[in-house]
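To start, the structure under review is shown below, and the notes come after it.
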Amino acid sequence: MGIIERIKEIEAEMARTQKNKATEYHLGQLKAKIAKLRTQLLEPPKGSSAGGDGFEVTKFGHGRVALIGFPSVGKSTLLTMLTGTHSEAASYEFTTLTCIPGIIHYNDTKIQLLDLPGIIEGASEGKGRGRQVIAVAKSSDLVLMVLDASKSEGHRQILTRELESVGLRLNKRPPQIYFKKKKTGGISFNSTLPLTHVDEKLCYQILHEYKIHNAEVLFREDATVDDLIDVIEGNRKYIKCVYVYNKIDVIGIDDVDKLARRPNSVVISCNLKLNLDRLLSKMWEEMGLVRVYTKPQGQQPDFSDPVVLSADRGGCTVEDFCNHIHRNLIKDVKYVLVWGTSARHYPQHCGLGHVLQDEDVVQIVKKKEKEEGGRGRFKSHSTAPARISDRQKKAPLKT
Ligand SMILES: Nc1nc2c(ncn2[C@@H]2O[C@H](COP(=O)(O)OP(=O)(O)OP(=O)(O)O)[C@@H](O)[C@H]2O)c(=O)[nH]1
Ligand SMILES: [K+]
Ligand SMILES: [Mg+2]
C-alpha cells in the first residue's frame, strides 16, 4: 500500500471514531501516525536527485513573495500589474505552467514576486504541479493567497488545508512548547499552566509513537496535540499570508465589504486597478522589513540606498546591520550613533545588541576613529521627533 492510501485509511478510521475522553488517546496516536506519513511523503523519492524538476528560481532582492491560488483567479494578471514583467494570462485554467519571477520596487526596496501555476485540491498529494508549487511557497517570506471574490469561500479553507498538510503554518507562531530529546532519564513532562487539551499520558503516547523514550517536554501555553506533533516533527514552516480577493468588479458592494473585513484580507480588482496600493502597503507591513540608512561621519545619509534587515530573517540588531555591510566590520566597531524611532534621544550611543527599527539612521564609530559629536553634546536634541520622516530626510542631521 502506498503512503497516500495509508493516510486515507487512517483518516477514514479517525472519521469513524467518536470523539470523547475514552478515544482521545487513540485519536492522538492516529494524528501522529498521519504526521509521520506526511513527512515521508515530502522526502524526495529514493534515487532521484533533490529538487529535479522543481521551479527553482534564484532568490533576488530583499524578500520573496509567492502567489498561490486556484487556476484562473488572476495570479498572472496581478504579477504583470505589480512588476511589469509579462506573465501570460488567459481565461482558461493552467495557463501558467512554471514559476515566473518579477520584481516589485517599493519603499526603496526590491521584492521578488513569484507567479506560479494554479493548484487544486489534492495538490499536497502530488496532483497537478502542487508539490513543486508548495515547495516554492515554503521558500517564501510571505504568501499572497489569491482568491476569486466571486467563488466559494470554501476555496480559502481547501488551500489552507493543502498547505497545512505539507507542514506550512499560515499566520501562526510556533507553539510555546519546549522539547528536547535526551539520551537517558526517561520523559519529564511539565507545564507552566493548567492544560486542557493534552495530559501526561497523551504526551507519552505521542512520544512513544515517535519511538522517543527520553525527552524533556515543557508546555508554556495550553497547546493542542497538533501543536505537540508540530514541535516533535520540527520541520514546520511558519509563514505570513495575506488573502487577496481579486475580481471584486464582478460582485456586489455588500459582498466586497464583507470580504474586506476578514482578517489579513485585501480586496482588489486587477481589471479596474482597484486597491492595488493597499495590497502593496499590506504586503510591506507583513514582511516587516527594516530599512537602515548609513551615515558617514560629517555627511548626510544616502536615503535612496538602505541596508534592509528583517526581524524574522537574520535579525535587526546593530550587529546584524554591521555584518550586513561587511563580515569583518564588527571587530572594528566601538559603538554606533542612532537616529530614528529606536533611539531614545538623538543621536543615541548604542552597542551591538541594540535593535534597530525601520528608517533608522546609523553612524558607525570605529575603535581608532574619534567621533565628532560627543554624548553630552547631543543630549539637548532629545526633543527631536521620534521618526525620520520624509520631511526630516530633507533636513540635515548633525554629526
Ligand atoms: N473580472 C475580472 N477578471 C479578471 C481580473 N483579473 C484577472 N481576470 C481574468 O481572469 C482570467 C484568468 O487570469 P490569469 O491571470 O490567467 O489567472 P491565473 O490565476 O494566473 O491562472 P492560471 O495561470 O491558469 O492558474 C483572465 O481571463 C483574466 O483576464 C479582475 O480583476 N476582474
Ligand atoms: K488562466
Ligand atoms: Mg497564471
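This is a predicted model, so every value here is computed, not measured. Ligands are counted one by one from 1 in listed order, and the atoms in each one are counted from 1 as well.
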Are any N, O or S atoms from [X] nearer to the K ion (ligand 2) than 3.4 Å?
X     : result
Thr96 : no
Ala89 : no
Ser72 : yes
Ser91 : no

Within 45° cone of [Y] ring axis and under 6.0 Å: [X] NZ or CZ:
X      : Y      : result
Lys110 : Phe60  : no
Arg173 : Tyr238 : no
Lys36  : Tyr210 : yes

Donor-acceptor pair between [X] and [Y] side chains, under 3.5 angstrom:
X      : Y      : result
Thr39  : Glu233 : yes
Ser304 : Asp108 : no
Glu13  : His26  : yes
Gln357 : Thr341 : yes
Ser150 : Asp148 : yes
Tyr245 : Asp255 : no

For [atom], the protein heavy atom that lies nearest, with its residue and separation:
atom                    : value
atom 4 (C) of ligand 1  : Asn271 OD1, 3.5 Å
atom 31 (O) of ligand 1 : Cys270 N, 2.8 Å
atom 6 (N) of ligand 1  : Asn246 ND2, 3.2 Å
atom 7 (C) of ligand 1  : Thr77 OG1, 3.5 Å
atom 10 (O) of ligand 1 : Lys247 NZ, 3.1 Å
atom 23 (O) of ligand 1 : Thr96 OG1, 2.8 Å
atom 21 (O) of ligand 1 : Ser72 N, 2.9 Å
atom 18 (P) of ligand 1 : Lys75 N, 3.5 Å

Atoms of ligand 1, numbered as shown, that sit under 4.0 Å from any heavy atom of [X]:
X      : value
Val250 : 1 (N)
Tyr92  : 24 (O)
Gly118 : 25 (O)
Glu93  : 24 (O)
Phe94  : 24 (O)

Distance-only, no hydrogens or angles: does the [X] side chain make a donor-acceptor pair with backbone N or O of [Y] under 3.5 Å?
X      : Y      : result
Gln112 : Thr58  : yes
Lys295 : Val362 : no
Lys59  : Ser139 : yes
Arg129 : Leu97  : yes
Ser140 : Val136 : yes

Any nitrogen or oxygen of [X] lying under 3.5 Å from a nitrogen or oxygen in ligand 1? Just yes or no.
X      : value
Ala90  : yes
Asp249 : yes
Asp115 : no
Pro117 : no

- Message: Taking 2.8 Å as the distance threshold, tell me the number of protein N/O/S atoms next to the Mg ion (ligand 3).
- Response: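 There are 2 of them.
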- Item | Option nearest atom 24 (O) of ligand 1 (shortest heavy-atom distance, choices Asp148, Leu116, Leu78, Thr95) |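 Ranked by closest heavy atom to atom 24 (O) of ligand 1, first place is Thr95.
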- Query: Of Ala89, Gly69, Ser91, Ser76, which has the heavy atom at the shortest distance from atom 27 (O) of ligand 1?
  - Reply: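 Closest candidate by heavy-atom distance is Ser91.
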- Heavy-atom check, side chain of Leu37 versus side chain of Ile10, under 4.5 Å: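 Heavy-atom side-chain distance check passes, below 4.5 Å.
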- Any side-chain heavy atom of Tyr335 within less than 4.5 Å of one from Ile364?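 Counting from C-beta outward, Tyr335 and Ile364 never come under 4.5 Å.
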- At the K ion (ligand 2), what's the angle from Ala90 O to Thr95 OG1, rounded to 10 degrees?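 Taking the K ion (ligand 2) as the apex, the two atoms subtend 90°.
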- Would Thr23 and Thr17 count as a side-chain hydrogen bond (donor to acceptor under 3.5 Å, both in side chains) if you check the C-alpha gap in whole Å, the side-chain angles of each, and the deciding distance to 0.1 Å? CA-CA 7 Å; Thr23 59; Thr17 312; over 6 Å; no
- Between Phe189 and Phe219, does the ring centroid distance fall short of 6.0 Å?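 Distance test on ring centres: under 6.0 Å, yes.
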